[in-house]
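First up is the structure itself, then whatever we jot down about it.
Remember, it's 1-based here, ligands and their atoms both numbered in the order they're listed.
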Amino acid sequence: MKVVTVLGARPQFIKAAPVSRELRKTHDEIIIHTGQHYDANMSDIFFEELHIPKPDYHLGVGSSSHGKQTGEMLIQIEEILLKEKPDFLLVYGDTNSTLAGALAAAKLHIPVLHIEAGLRSFNKKMPEEVNRILTDHVSAFLFCPTDTAVKNLKEENITNGVHNVGDVMYDAVLYNMKLNQNNTLLEKHDLTKGAYYLITVHRAENTDDENRMHAILESFKQVEGTKVWPIHPRTKNKLSAMGIDLAEIPGLQVIDPVGYLDMLTLEKNAKKIMTDSGGVQKEAYFMKVPCVTLRDETEWVETLEGEANILVGADTKKIVEAVNKELSPNYKDLFGDGRAAEKIVAFLQK
Ligand code: UD1
Ligand code: UDP
């Protein structure tokens with residue numbers, strides 16, 4: 001079978017690595033990179049490090065408004081699908097690249113495979129929520145990472161083609177943690193195992209709202225100790241436009257975005273993680289590192305059990321309290337058995 005995969009943003013490269021590896025054992029895969037993420041440390045590094053096959057097509061769409069970015073992808077993906085005539089189109093998650101791929105294929109009656117289907121924040125102001133609802137509603141096969149995702153789809157009357165296979169990000173963590181030995185990264189950044197906080201912030205609801213951003217940064221000032229923050233280019237640009245100087249925050253080390261293996265090392269050895277990322281919330285759970293989520297809601301509701309993950313929004317007091325809280329959550333196997341990619345390909349085979 002011939003599968004066209006559409007990728008565009010950092011977390012999609014990471015999710016694609018285990019699936020591509022498995023898919024290519026028995027099927028032909030053509031990769032389209034939309035170019036949504038294009039900096040070397042937001043894109044190339046993942047292809048190299050995770051041995052993801054080089055994209056067959058690179059659309060070079062880059063950054064722009066939602067409509068323009070998604071529209072340009074749609075035009076080019078349609079042309080490629082007409083030429084390649086694949087049996088399936090594969091998309092991951094909830095970015096503009098996901099929606100463009102799904103929409104182009106659905107209009108050409110090419111069955112869409114959606115990996116990480118069924119996630120909901122129930123907040124339609126999030127661009128990701130719009131992208132995933134629309135993608136799920138035009139997908140033929142919906143590979144869910146959790147039972148909650150299956151239930152969410154059922155509530156929208158989507159039951160055909162729905163399978164809980166577990167989370168491909170868990171596959172990726174298990175596979176890559178084995179490779180992640182002898183890392184001198186902590187030394188390089190003068191970090192001590194278990195004695196620093198890891199930060200990531202990139203969600204539009206935070207970066208595009210000055211009040212929320214100020215409240216979050218105030219909490220970083222109030223949290224004592226070493227903090228390391230691989231900063232997303234979106235956030236770097238927004239903070240610079242707001243005239244904010246992160247050097248004023250005591251104990252904070254701002255670094256460029258890191259590769260996946262380095263990120264796993266930073267996560268595993270952190271005392272706690274403060275993030276608004278979807279993927280990082282889950283990885284914190286996989287690594288059994290307590291997480292403080294700088295959002296008002298989460299799609300990954302399972303991680304909240306036993307306060308393994310605490311939702312604090314952009315409330316300075318709540319953030320500081322959650323970071324300083326002593327916790328010993330009971331972690332469970334909620335995201336499958338690390339064989340999600342295998343199960344997805346087995347379904348395709350059937
Ligand atoms: C996108 C996804 C989001 C996902 C995130 C993963 C959408 C709507 N959002 O958000 O769901 O969580 O990727 O990281 O699809 N930029 C660069 N270099 C890059 C990429 C981006 O400088 O390589 C800057 C540009 O200023 C750009 C901004 O980041 O305007 C935002 O990039 P964009 O891809 O539009 O959205 P993300 O915030 O990255
Ligand atoms: N990540 C990374 N380097 C970084 C920050 C994040 O490799 O500097 C990885 C992280 O480990 C996770 C994924 O990127 O696997 C999460 O992507 P992101 O936070 O950009 O998007 P989201 O998951 O919120 O959509």
Practice problem: Please assess Thr70 against Leu74 for the test side chain to side chain contact (heavy atoms under 4.5 Å, CB included), listing each intermediate value before the final yes or no. | Solution: CA-CA 6 Å; Thr70 314; Leu74 189 55; 5.6 Å; no
Quiz prompt | Chi angles and distances behind the salt bridge (charged side-chain N to carboxylate O under 4.0 Å, His left out) call for Lys325, Glu307 | solution = CA-CA 10 Å; Lys325 198 166 179 182; Glu307 297 195 303; 2.9 Å; yes
Exercise. Determine, step by step, whether Gln36 and Asn96 satisfy the side chain to side chain contact (heavy atoms under 4.5 Å, CB included) criterion, reporting the C-alpha distance in whole Å, the side-chain angles of both residues, the deciding distance to 0.1 Å, and the verdict.
Key: CA-CA 8 Å; Gln36 178 170 351; Asn96 289 348; 4.0 Å; yes
Exercise. Walk me through it: do Ser43 and His33 pass the test side chain to side chain donor-acceptor pair (under 3.5 Å)?
Key: CA-CA 10 Å; Ser43 175; His33 186 325; 2.9 Å; yes
Exercise. Any chance you could lay out the side chain to side chain contact (heavy atoms under 4.5 Å, CB included) test for Phe220 and Leu217, step after step, and finish with the verdict?
Key: CA-CA 5 Å; Phe220 296 164; Leu217 296 179; 3.9 Å; yes
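Under a 4.0 Å criterion applied to the non-hydrogen atoms of Glu267, ligand 2 contributes the atoms 11 (O). The contact set between ligand 2 and Met169, taken as ligand atoms under 4.0 Å from a residue heavy atom, comprises 12 (C), 15 (O). Residue Asn237 has at least one heavy-atom neighbour below 4.0 Å for each of these atoms of ligand 1: 26 (O). Atoms of ligand 2 lying under 4.0 Å from at least one heavy atom of Gly259, given by number and element, are 7 (O). Atom numbering of ligand 2 starts at 1 in the shown order; those under 4.0 Å from a heavy atom of Pro257 are 8 (O). Each of the following atoms of ligand 1 lies closer than 4.0 Å to a heavy atom of Arg203: 11 (O), 12 (O). In the vicinity of Pro230, heavy-atom distances shorter than 4.0 Å reach the ligand 2 atoms 8 (O).
Nearest to atom 24 (O) of ligand 2 among the protein's heavy atoms is Arg203 NH2, 2.5 Å. Looking only at protein heavy atoms, the nearest one to atom 1 (N) of ligand 2 is Met263 CG, 3.6 Å. Among protein heavy atoms, the minimum distance from atom 6 (C) of ligand 2 is reached at Arg10 CZ, 3.6 Å. The protein heavy-atom contact nearest to atom 37 (P) of ligand 1 is Arg234 NH1, 3.8 Å. With hydrogens left out, the protein atom closest to atom 11 (O) of ligand 2 is Glu283 OE1, 2.6 Å, a heavy atom. Ranking protein heavy atoms by distance to atom 8 (O) of ligand 2, first place goes to Val258 N, 2.9 Å. Nearest protein heavy-atom contact of atom 25 (O) of ligand 2 is Pro11 CG, 3.5 Å. Counting only heavy atoms of the protein, atom 13 (C) of ligand 2 lies nearest to Ile14 CD1, 3.8 Å. With respect to atom 17 (C) of ligand 1, the closest heavy atom belonging to the protein is Tyr38 OH, 3.2 Å. In terms of protein heavy-atom proximity, atom 16 (C) of ligand 2 is nearest to Ser277 OG, 3.8 Å. With respect to atom 6 (C) of ligand 1, the closest heavy atom belonging to the protein is Pro11 CD, 3.5 Å. Scanning all protein heavy atoms for the shortest distance to atom 30 (O) of ligand 1 gives Ser63 CB, 3.4 Å. Closest to atom 18 (N) of ligand 1, if we only count protein heavy atoms, is Asp39 OD2, 3.0 Å. Considering only non-hydrogen protein atoms, atom 12 (O) of ligand 1 sits nearest to His202 NE2, 2.8 Å.
Evaluated for a salt bridge (Lys or Arg N to Asp or Glu O under 4.0 Å) with Arg212, the options Asp315, Asp276, Asp296 yield exactly one hit, Asp296.
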For residues 284-294, please give each side-chain donor-acceptor pair under 3.5 Å, one per line with the distance, not counting sequence neighbours.
{"residue": "Tyr285", "atom": "OH", "partner": "Lys332", "partner atom": "N", "Å": "2.9"}
{"residue": "Thr293", "atom": "OG1", "partner": "Asn309", "partner atom": "OD1", "Å": "2.6"}
{"residue": "Thr293", "atom": "OG1", "partner": "Asn309", "partner atom": "ND2", "Å": "3.3"}

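Geometrically, ligand 2 and Phe46 share no nitrogen or oxygen pair separated by less than 3.5 Å. In terms of polar-atom proximity, Asp94 is not counted as a contact of ligand 2, lacking any N or O under 3.5 Å from an N or O of the ligand. Looking at ligand 2, you'll find an N or O of Gly278 within less than 3.5 Å of one of its N or O atoms. Backbone and side-chain nitrogen or oxygen atoms of Glu128 are examined, and one is located within less than 3.5 angstrom of a nitrogen or oxygen of ligand 1. Not one N or O of Thr95 is nearer than 3.5 Å to an N or O of ligand 1, by distance alone. Any N or O atom pair closer than 3.5 Å counts here, and Gly279 shares at least one such pair with ligand 2. For the pair Thr200 and ligand 2, the shortest N or O to N or O distance does not fall below 3.5 Å. Inclusion of Asp276 in the set of residues having an N or O under 3.5 Å from an N or O of ligand 2 is not warranted.
Hydrophobic clustering of Ile, Leu, Val, Met, Phe, Trp and Tyr side chains at less than 4.5 Å, counting indirect connections, unites Ile319 with Ile231.
Of the listed residues (Lys238, Glu129, Met42, His232), the one carrying the non-hydrogen atom nearest atom 14 (O) of ligand 1 is His232. Closest heavy-atom approach to atom 7 (C) of ligand 1 within the set Gln69, Gln36, Gln12: this belongs to Gln36. Between atom 18 (P) of ligand 2 and the options His37, His202, His232, Lys15, the minimum heavy-atom separation is to His202.
Distance alone, capped at 3.5 Å, places no donor-acceptor pair between the Glu218 side chain and the Thr316 backbone. No donor-acceptor pair closer than 3.5 Å links the side chain of Lys227 to the backbone N or O of Ile199. Glu129 contributes a side-chain N or O that, together with a main-chain N or O of Phe122, makes up a donor-acceptor pair within less than 3.5 Å. Looking at Ser121, its side chain does come within 3.5 Å of a backbone N or O of Asn123 through a donor-acceptor pair.
For the pair Arg21 and Tyr175, the distance from NZ or CZ to the six-membered ring centre is under 6.0 Å and the angle to the ring normal is within 45 degrees.
At least one heavy atom of His66 sits closer than 4.0 Å to an atom of ligand 1.
Between the CG atom in Asp167 and the CG atom in Leu119 there is a gap of 8.0 Å [rounded to 0.5 Å]. Summarising the geometry, atom NE2 belonging to His137 is positioned 8.5 Å from atom CG belonging to Asn157; distances are rounded to the nearest 0.5 Å.
Using the six-membered ring where Trp is involved, Phe13 and Phe47 have ring planes that are tilted, between 30° and 60° apart.
Leu191 places none of its side-chain heavy atoms less than 4.5 Å from the side chain of Asn269.
Among all heavy-atom pairs drawn from Arg10 and Pro257, the shortest one is NH1-CB, 3.8 Å. The minimum heavy-atom distance linking Val168 with Pro18 is given by the pair O-CG, 3.7 Å.
Using a 4.0 Å cut-off between heavy atoms, Glu128 makes no contact with ligand 2 at all. Residue contacts with ligand 1, taken as heavy atom pairs separated by less than 4.0 Å, do not involve Ser64 at all.
The environment of Glu224 atom CD is sparse: at most 12 non-hydrogen atoms of other residues, nucleotides or ligands sit within 6.0 angstrom.
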